[in-house]
Amino acid sequence: MPELPEVETVVRTLNKTIKNKVIKEMNFFYKKILQNTTEQTIKRTLENQKIEKISRKSKFIIFEFNEYVMISHLRMEGKWFYYPNLETIPSKHTEVQIIFEDNTQLMYFDTRKFGTIHLFKQDEYEHVDLIAKLGPEAISKNWTAKNLYDKLQKKKTAVKTVLLDQTIIAGLGNIYVNEVLFECKILPTRPANEISIEECQNIINNSQIILQKAIEYGGTTVKSFQSSEDNKGGYQQFLKVHFNEKKPCKNCGNSVTKMFVNGRGTYICVVCQK
DNA sequence: CAGCATACCTGACCGC
DNA sequence: TGCGGTCAGGTATGCT
């Protein structure tokens, strides 16, 4: 499901619904979701503990407890839904059920089973590769044109592929990178080392504008993205090229083309993007 | 190390 | 109706 705006939306929703709740019981129906721990260990560690807050690092959701953090990555289709009572019971694609002391609950669903959960000590997680290797956040002020330019200079692959590399820049995914490159009038297939410093500045500016706006609208609902069961994203209406194959380009009216770059669906206007 | 292919999974959709 | 192929918001791993 999620790129940075969708994950941010989920985190905001979770802070409204489950912050300060104490876990009574955790159930894992798909145990392979646990990457660096076991069902027995995570239950022993987190049951009876309070979720102090939920934060985000790039596309990772961080459930913060007193001494530990549980880190969830939704990958393509993961969803955390809150239910105010116990009437909803786990179903076919429920992988995790967290029941709180007040008999409310949180469930994790993931049809494709790509999502992951890690358990770390609170004071160690920022230093593990998973988190430490991430590049600057696409919406942070620390991301400068010079910084991006220097990184792109070292790569000969398609600029789109490099922008999707989370160790270069964290938070862009396939939808928004397509939108950003369209807005910048840059062909996704251009070799990264041929992107000028002015174009780097343009990529940064447009990434920040697009991601911020997507956050305001609660993300983009593709198929089933929802931050909660009754809350769908609203950014789809602003997509200019993604999902717009054969529709007229919003700038010039030429038909939007779909192609593949490094195996990912890529939407462009061949007239506007150079 | 760079760059590319493949693996991880399931379901929806399309053409025959 | 069924079958086979393709595609989907992501990332880790392994090959050349």
Side-chain angles (χ1 to χ4, degrees), chain A residues 1-11 29-36 56-61 71-80 91-96 108-118 128-135 138 151-181 188-194 207 210-211 214-215 217-227 232-246 258-267:
Chain A
M1 128 175 60
E3 299 182 41
L4 191 150
E6 291 74 37
V7 176
E8 176 64 24
T9 304
V10 172
V11 167
F29 306 105
Y30 182 71
K31 303 182 199 315
K32 279 167 71 181
I33 192 176
L34 297 169
Q35 301 297 297
N36 69 336
R56 178 185 64 70
K57 187 93 181 174
S58 179
K59 303 176 192 172
F60 292 93
I61 299 170
I71 300 186
S72 157
H73 196 301
L74 307 174
R75 294 286 181 91
M76 298 289 258
E77 297 197 359
K79 302 178 238 307
W80 285 104
S91 55
K92 186 175 180 189
H93 296 295
T94 310
E95 292 190 6
V96 182
Y108 178 80
F109 302 90
D110 193 346
T111 307
R112 291 177 74 182
K113 299 180 162 63
F114 284 175
T116 59
I117 285 178
H118 287 80
V128 301
D129 274 4
L130 196 67
I131 302 297
K133 286 192 171 176
L134 293 169
K151 288 177 175 173
L152 295 190
Q153 280 297 299
K154 295 175 188 161
K155 304 274 189 179
K156 293 176 186 169
T157 19
V159 59
K160 179 188 175 186
T161 303
V162 180
L163 292 175
L164 284 173
D165 180 343
Q166 303 295 301
T167 67
I168 302 285
I169 170 71
L172 287 177
N174 201 38
I175 293 180
Y176 297 117
V177 87
N178 281 335
E179 294 297 306
V180 166
L181 290 172
T189 46
R190 292 248 311 271
N193 60 0
E194 291 177 16
S207 296
I210 288 170
L211 293 177
I215 289 171
Y217 281 84
T220 297
T221 293
V222 177
K223 276 173 67 178
S224 62
F225 165 68
Q226 293 168 251
S227 59
K232 294 191 178 172
Y235 193 77
Q236 309 80 283
Q237 60 182 304
F238 301 108
L239 295 176
K240 292 187 178 174
V241 282
H242 199 93
F243 294 137
N244 281 297
E245 186 184 13
K246 294 180 182 163
K258 183 181 180 190
M259 61 187 292
F260 287 88
V261 175
N262 199 34
R264 307 298 304 277
T266 301
Y267 300 81

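In what follows, every heavy atom counts, from backbone to side chain, and hydrogens, waters and symmetry copies are set aside. Numbers restart at 1 for each chain; the letters A, B, ... are given by sequence-line order, proteins then strands.
The two residues Ser58(A) and Leu4(A) have their closest heavy-atom pair at O-CG, 4.4 Å.
Within 4.0 Å (heavy atoms only), Gly115(A) reaches no atom of the nucleic acid at all. Note on Phe109(A): nothing from the nucleic acid sits closer than 4.0 angstrom, heavy atoms only.
Residues Leu239(A) and Tyr267(A) have side chains not in contact (no heavy-atom distance under 4.5 Å, counting atoms from C-beta outward). Residues Tyr217(A) and Thr9(A) fail the side-chain proximity criterion, which asks for heavy atoms closer than 4.5 Å. Looking at heavy atoms from C-beta onward, Leu74(A) lies out of side-chain contact with Lys59(A) at the 4.5 angstrom threshold.
With rounding to whole Å, Leu164(A) atom CG is found 13 Å from dA12(C) atom P. One interatomic measurement links the two molecules: CD of Glu95(A) to C1' of dC8(B), which rounds to 12 Å at whole-angstrom precision. Between Gln166(A) atom CD and dA12(C) atom P the separation is 9 Å, expressed in whole Å. Atom CG in Leu172(A) sits about 10 Å away from atom P in dG10(C), given to the nearest Å. Rounded to whole angstrom, the span from the CG atom of Leu134(A) across to the C1' atom of dG10(C) amounts to 13 Å. Distance, Glu245(A) CD to dC13(B) P: 17 Å, rounded to whole Å. The CD-C1' distance, from Glu77(A) to dA12(B), rounds to 10 Å in whole Å. When rounded to the nearest whole Å, the span between CZ of Phe260(A) and C1' of dG5(C) equals 13 Å.
Judged by distance alone, the side chain of Glu77(A) and the main-chain N or O of Lys113(A) form no donor-acceptor pair under 3.5 Å. In this structure a side-chain-to-backbone donor-acceptor pair under 3.5 Å is missing from Glu95(A) to Ile33(A).
Closest to the Glu3(A) side chain, of the nucleotides dG11(B), dG10(C), dA8(C), is dG10(C). Checking dG3(B), dG11(B), dT11(C) against every side-chain atom of Lys92(A), the shortest atom distance belongs to dG11(B). Relative to the side chain of Lys155(A), the nucleotides dG3(B), dA12(C), dG10(C) differ in distance, and dG3(B) lies closest. For Tyr30(A), whose side chain is taken as the heavy atoms from C-beta onward, the closest listed nucleotide among dG3(B), dC9(B), dA8(C) is dC9(B). The side chain of Lys32(A) lies closest to dC9(B) when the candidates are dC9(B), dG11(B), dA8(C).
Look at Arg112(A) and you won't find any side-chain N or O under 4.0 angstrom from OP1 or OP2 of dA8(C). One finds a side-chain N or O of His93(A) lying less than 4.0 angstrom from the OP1 or OP2 phosphate oxygen of dG11(B). Lys113(A) has no side-chain polar atom (N or O) that falls below the 4.0 Å cut-off from OP1 or OP2 of dT11(C). Contact between the side-chain N/O atoms of Thr157(A) and the OP1/OP2 oxygens of dG3(B) is found at a separation under 4.0 Å. For dA2(B), neither phosphate oxygen OP1 nor OP2 lies less than 4.0 angstrom from any side-chain nitrogen or oxygen of Lys154(A).
Stacking of the aromatic ring of Phe114(A) onto the base of dC9(B) is not found under the criterion of centres within 5.5 Å and planes under 30°.
Across the P atoms, dG11(B) and dT11(C) are found 23 Å apart, a figure rounded to whole Å. dT6(C) sits 16 Å from dA5(B) when the P atoms are compared, rounded to a whole Å.
In this structure, a donor-acceptor pair under 3.5 Å is present between the side chains of Asn174(A) and Lys160(A).
Considering only residues two or more places apart in sequence or on other chains, Phe109(A) meets the ring pair (Phe, Tyr, Trp, His ring centres under 6.0 Å) condition with Phe81(A).
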* Structure fact -> Applying the Watson-Crick and G-U criteria (both distances under 3.5 angstrom) with [ ] for crossing and | for other-strand pairs, one obtains for DNA chain C .|||||||.|||||||

